[in-house]
S.K.: 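Following this message is one structure expressed as structure tokens.
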Protein chains: 2
Amino acid sequence: MKKSTIKDVAREANVSIATVSRVLNDTGKGYSDKTKQHVMQTIERMGYFPNAIARGLINNESGTIGVLFPAVSGMVSAELLHGIEAAAQAFGKSVIVCNTLSDPDKTEHYLQLLYEKQVEGVIFANERLTSDFQKMVKQMAVPFVTLAGTSEIEGIPEVKVNDQQASYDATQYLIKHGHSQLAMVSGPPHDSIAGTPRIEGFKHALADANSPCKATQISWNQAFNFEDGKHAFRSIMAHHPETTAIFAASDEMAAGVISEAHAQGICIPNDLSIIGYDNTKLAMMTVPALTTVSQEFDTMGYRAAELLCHSIMGKDIKSLNLKHKIIERESVSKH
Amino acid sequence: MKKSTIKDVAREANVSIATVSRVLNDTGKGYSDKTKQHVMQTIERMGYFPNAIARGLINNESGTIGVLFPAVSGMVSAELLHGIEAAAQAFGKSVIVCNTLSDPDKTEHYLQLLYEKQVEGVIFANERLTSDFQKMVKQMAVPFVTLAGTSEIEGIPEVKVNDQQASYDATQYLIKHGHSQLAMVSGPPHDSIAGTPRIEGFKHALADANSPCKATQISWNQAFNFEDGKHAFRSIMAHHPETTAIFAASDEMAAGVISEAHAQGICIPNDLSIIGYDNTKLAMMTVPALTTVSQEFDTMGYRAAELLCHSIMGKDIKSLNLKHKIIERESVSKH
DNA sequence: CCTTATAGAGTAAACGTTTACTTTATTTTA
DNA sequence: TAAAATAAAGTAAACGTTTACTCTATAAGG
């Protein structure tokens with residue numbers, strides 16, 4: 001059963017395809033009420049739906065945006081994507097997802113693909129948009145937005161929280177609650193998203209509290225995940241058994257710390273306080289529930305896609321810093 | 001700077017567009033080596049990329065598949081999607097994601113959208129494909145696959161684990177380790193995916209162990225999440241304080257049980273054993289780490305998309321039951 | 001050396017829409 | 001009541017490709 005086209009409808013309804021098209025697009029001109037009814041009925045009866053590809057070709061718009069993630073596994077990406085999709089939907093756009101695995105070749109390949117598919121804009125999520133892609137980005141000539149990431153390329157708006165400030169606040173929160181022996185667990189310090197800025201925030205807060213940060217107070221690892229949190233915490237305890245409070249660069253790492261602390265018989269928050277980062281669902285599930293810095297990923301995703309759509313419609317847009325806040329739960333002792 | 005088209009390339013290279021097209025598609029016929037080189041160079045120099053929309057129109061293929069999720073937030077969807085994208089990529093297809101929010105109207109709307117976008121296949125994930133959509137599905141005339149869900153519509157392959165069997169095994173695992181006072185926490189019992197089959201598996205295992213299941217041994221709630229797990233567990237403890245082992249219909253619920261147990265001073269696994277379901281990342285992060293039934297979501301997603309792509313290529317395909325297994329961690333005491 | 005096959009390359013139709021332009025019929029205006 | 005304005009509907013070009021078909025020149029065959 002072949003799909004019916006506008007031609008089929010026109011033939012069935014005894015009108016020209018132009019008329020069908022006009023009715024379809026509800027132009028309000030070019031047909032009488034009677035024909036409109038008639039055409040609509042015919043369309044209904046035949047189960048006709050317009051071919052978006054043909055439409056796209058002539059209107060030069062695909063109704064599609066592309067989203068690049070290192071990997072859409074994990075809570076963070078999932079929530080970002082959820083927000084993105086919601087906004088896109090509100091603007092009548094569809095979302096194509098791509099997993100770059102942080103591989104530049106794959107990324108380049110996906111950009112080409114999206115280019116060929118005539119996407120109207122691209123969201124670059126959770127990763128640094130390096131100047132390697134400058135040429136491609138320029139050539140594509142559609143708006144880009146980075147989401148929970150940064151851009152080396154000039155003129156690309158970023159949607160994110162101010163990581164350094166948020167980390168500063170998290171650290172200060174620990175200090176304010178009476179802690180002076182702090183440590184931090186992090187992923188790679190040169191990670192320009194979750195690494196450097198959070199570490200800087202931590203250091204600054206310490207400096208401002210007159211207890212400059214020693215290198216050994218920061219323990220880092222390959223990634224920002226659970227296992228790395230465990231390992232990092234072990235090494236903290238090896239070097240600084242006096243530590244009473246920890247800032248973890250992600251909730252997953254914090255969960256690792258909690259788990260390892262439990263294994264070592266360290267009681268949270270009595271012996272050790274910990275604050276996380278992200279406020280993923282995980283944070284409320286740990287025992288004790290994790291006090292953490294909230295990034296509202298769903299909202300972030302929404303705002304990024306919204307921004308992108310505005311840009312597609314020709315408005316000019318600028319970077320957006322979303323507010324962070326500290327979600328107080330039970331993992332930090334209050335003196 | 002307008003995008004260059006095949007015409008521009010043809011003009012620049014002093015050949016016809018047919019020649020360019022042939023070179024582009026590497027047909028092997030219709031051009032000499034010399035022209036090929038020349039055309040390729042021109043393409044490179046101009047930074048030309050073919051317009052997939054125009055291609056799609058004439059070839060009648062969009063290179064796109066659609067994926068419908070109730071919501072892509074949450075670990076499970078994220079991993080499924082990750083697998084889907086990987087397989088799609090391997091088959092040269094792009095993935096459009098849609099969040100139906102389990103709303104039939106939205107679902108219908110998305111199906112229409114995907115139809116108009118000429119997707120070559122659809123994955124219906126994490127949800128029951130009800131006969132409400134039968135008409136639309138038939139009309140779309142492209143392959144469908146359900147993923148981690150079931151279909152009321154005839155002839156649609158399903159990719160999932162055998163939930164009932166897996167639940168049976170999980171329950172039996174508890175029994176085998178010496179537990180006789182079992183209870184289950186679940187979401188809505190009429191949920192045809194995570195509800196009914198898992199409950200049935202639980203009941204059967206109990207029956208086969210000669211301790212038929214009383215209604216109060218199963219506590220259920222609105223959803224399958226953390227809070228619901230907590231509540232369900234409270235009500236279990238109210239009715240059956242003698243319970244020594246719990247089967248949770250999801251890891252999140254299990255986390256809720258763990259959290260609530262901790263609050264009540266119940267020690268896991270000494271006082272109470274618990275087995276979860278899903279083996280999301282969460283399972284290894286709880287304290288103690290959660291013994292659980294593994295569904296390999298990433299693989300499931302991959303296999304579903306793979307199956308779909310095979311179907312698109314005309315092979316005929318059939319439902320796939322992925323193997324489950326029990327991942328032993330620390331939340332079940334062994335006697 | 002003439003016929004026939006063959007390879008290289010061009011022409012134009014087709015894919016399913018939208019839309020500017022045109023035609024025809026009807027209504028308004030004077 | 002004729003001219004002008006308006007509304008309804010049709011015609012055909014265009015969007016950027018692919019591809020069947022055609023044409024030309026060169027190579028092969030006798």
Side-chain angles (χ1 to χ4, degrees), chain A residues 2-40 42-43 46-64 112-113 115-120 140-141, chain B residues 2-40 42-43 46-64 112-113 115-120 140-141:
Chain A
K2 240 179 129 281
K3 285 179 186 173
S4 38
T5 73
I6 201 173
K7 266 184 206 158
D8 302 324
V9 175
R11 184 163 7 84
E12 277 287 301
N14 274 311
V15 296
S16 73
I17 60 173
T19 302
V20 178
S21 176
R22 283 185 289 246
V23 169
L24 224 57
N25 292 302
D26 207 19
T27 59
K29 289 207 169 238
Y31 50 85
S32 66
D33 263 15
K34 187 158 54 73
T35 15
K36 176 170 174 175
Q37 298 309 328
H38 177 221
V39 169
M40 298 278 268
T42 317
I43 286 174
M46 301 179 68
Y48 165 80
F49 287 95
N51 181 327
I53 295 215
R55 265 190 180 170
L57 182 56
I58 192 142
N59 293 336
N60 194 26
E61 59 186 36
S62 60
T64 305
Q112 273 178 31
L113 189 93
Y115 187 20
E116 298 187 358
K117 288 243 157 96
Q118 313 294 117
V119 296
E120 300 173 7
M140 287 179 73
Chain B
K2 237 175 132 282
K3 285 179 186 173
S4 38
T5 73
I6 202 174
K7 268 185 205 158
D8 302 323
V9 175
R11 185 162 6 85
E12 277 285 303
N14 275 309
V15 296
S16 73
I17 61 173
T19 301
V20 178
S21 176
R22 284 186 287 245
V23 170
L24 223 57
N25 292 302
D26 208 18
T27 58
K29 289 203 171 242
Y31 50 86
S32 66
D33 263 16
K34 186 158 55 75
T35 15
K36 177 171 174 177
Q37 298 309 328
H38 178 221
V39 169
M40 297 279 267
T42 317
I43 286 174
M46 301 179 69
Y48 164 81
F49 287 96
N51 181 328
I53 295 215
R55 266 190 178 168
L57 181 56
I58 192 141
N59 293 336
N60 194 28
E61 58 186 37
S62 61
T64 305
Q112 272 179 30
L113 189 92
Y115 187 22
E116 298 188 357
K117 287 242 157 93
Q118 314 292 121
V119 294
E120 300 173 8
M140 287 179 74

S.K.: Strictly below 4.0 Å, N to O, side chains only: are B/Asp33 and B/Lys36 in salt-bridge contact?
M.R.: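 Looking at B/Lys36 together with B/Asp33, the answer is no, because their closest N to O distance does not fall below 4.0 Å.
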S.K.: Below the 4.0 Å mark, does C/dA9 have OP1 or OP2 next to a side-chain nitrogen or oxygen of B/Ser16?
M.R.: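 Result: no.
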S.K.: Have a look at A/Asn14 and say if it touches a base, only the backbone sugar-phosphate, or nothing, with a 4.0 Å heavy-atom cut-off.
M.R.: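 Result for A/Asn14 = sugar-phosphate.
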S.K.: Please tell me if A/Arg55 has a side-chain N or O lying less than 4.0 Å from either OP1 or OP2 of C/dG16.
M.R.: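 The answer is no; no side-chain N or O of A/Arg55 sits under 4.0 Å from OP1 or OP2.
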S.K.: Write down the distance between CD (A/Gln118) and C1' (D/dG16), rounded to a whole number of angstrom.
M.R.: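 Whole-Å distance recorded here is 9 Å.
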S.K.: Write down the distance between CD1 (B/Ile17) and C1' (C/dG10), rounded to a whole number of angstrom.
M.R.: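 Rounded to whole Å, this separation is 10 Å.
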S.K.: With respect to the phosphate group of D/dA9, does any side-chain polar atom (N or O) of A/Ser32 fall under 4.0 Å of OP1 or OP2?
M.R.: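 Looking at the OP1 and OP2 atoms of D/dA9, one of them is under 4.0 Å from a side-chain N or O of A/Ser32.
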S.K.: Nearest whole Å is fine: how far is D/dT18 P from B/Asn51 CG?
M.R.: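 After rounding, the reported distance stands at 10 Å.
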S.K.: Would you find a donor on one side and an acceptor on the other, under 3.5 Å apart, between the side chain of A/Asn25 and the backbone of A/Arg22?
M.R.: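 It does not hold such a pair.
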S.K.: Nearest-Å distance, CZ (B/Arg11) to C1' (D/dG16)?
M.R.: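 These atoms are roughly 13 Å apart.
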S.K.: Figure out the NZ/P separation between A/Lys3 and C/dG16, and round it to whole Å.
M.R.: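 Nearest whole value for this atom pair: 10 Å.
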S.K.: Verify the neighbour count for atom CE of B/Met46: are there more than 12 heavy atoms of other residues, nucleotides or ligands below 6.0 Å?
M.R.: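 More than 12 heavy atoms, drawn from other residues, nucleotides or ligands, come within 6.0 Å of this atom.
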S.K.: Could you tell me the separation between the CD atom of A/Gln37 and the C1' atom of D/dA8, rounded to a whole number of Å?
M.R.: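 Atom CD in A/Gln37 sits about 16 Å away from atom C1' in D/dA8.
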S.K.: Between C/dC15, C/dT18, C/dG10, which one does the side chain of B/Ile58 approach most closely?
M.R.: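 The answer is C/dC15, which lies nearest to the side chain.
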S.K.: From the options D/dG10, C/dT19, C/dG16, select the nucleotide whose nearest atom is closest to the side chain of A/Asn59.
M.R.: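 So the side chain of A/Asn59 is nearest to C/dT19.
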S.K.: Just N and O in the side chain of A/Ser21: are any of them under 4.0 Å from OP1 or OP2 of C/dT18?
M.R.: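 Answer yes for this pair, as a side-chain N or O of A/Ser21 is under 4.0 Å from OP1 or OP2.
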S.K.: Whole angstrom is fine here: how far is it from CG in A/Asn60 over to C1' in C/dT19?
M.R.: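 Rounded to the whole Å, the gap is 15 Å.
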S.K.: Using the side-chain heavy atoms of A/Thr5, tell me which of these nucleotides is nearest: C/dG16, C/dG10, D/dT18.
M.R.: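 The listed nucleotide nearest to A/Thr5's side chain is C/dG16.
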S.K.: Would you check if the side chain of A/Glu120 reaches a backbone N or O of A/Ser62 as a donor-acceptor pair within less than 3.5 Å?
M.R.: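 Checking the backbone N and O of A/Ser62 against the side chain of A/Glu120, a donor-acceptor pair under 3.5 Å is found.
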S.K.: So which nucleotide from C/dA9, D/dG16, D/dG10 ends up closest to the side chain of A/Arg22?
M.R.: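 Looking only at heavy atoms from C-beta outward on A/Arg22, the closest nucleotide is D/dG10.
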S.K.: Return the 5'-most residue of the pair B/Ala54, B/Asp33 with respect to DNA chain C, ranking by each residue's nearest nucleotide.
M.R.: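 Counting from the 5' end, the first nearest nucleotide belongs to B/Asp33.
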S.K.: Are the side chain of B/Lys3 and the backbone of B/Phe49 linked by a donor-acceptor contact shorter than 3.5 Å?
M.R.: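 No, the answer is negative, given that no donor and acceptor are paired below the 3.5 Å cut-off.
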S.K.: With respect to the phosphate group of C/dA9, does any side-chain polar atom (N or O) of B/Thr35 fall under 4.0 Å of OP1 or OP2?
M.R.: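 So the side chain of B/Thr35 is within the cut-off, an N or O lying under 4.0 Å from OP1 or OP2 of C/dA9.
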S.K.: Whole Å only: how far is the CD1 atom of A/Ile53 from the P atom of D/dA14?
M.R.: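 Atom CD1 in A/Ile53 sits about 23 Å away from atom P in D/dA14.
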S.K.: Would you please confirm or rule out a distance under 4.0 Å between OP1 or OP2 of C/dG10 and any side-chain N or O of B/Thr19?
M.R.: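 Affirmative; the distance criterion is met.
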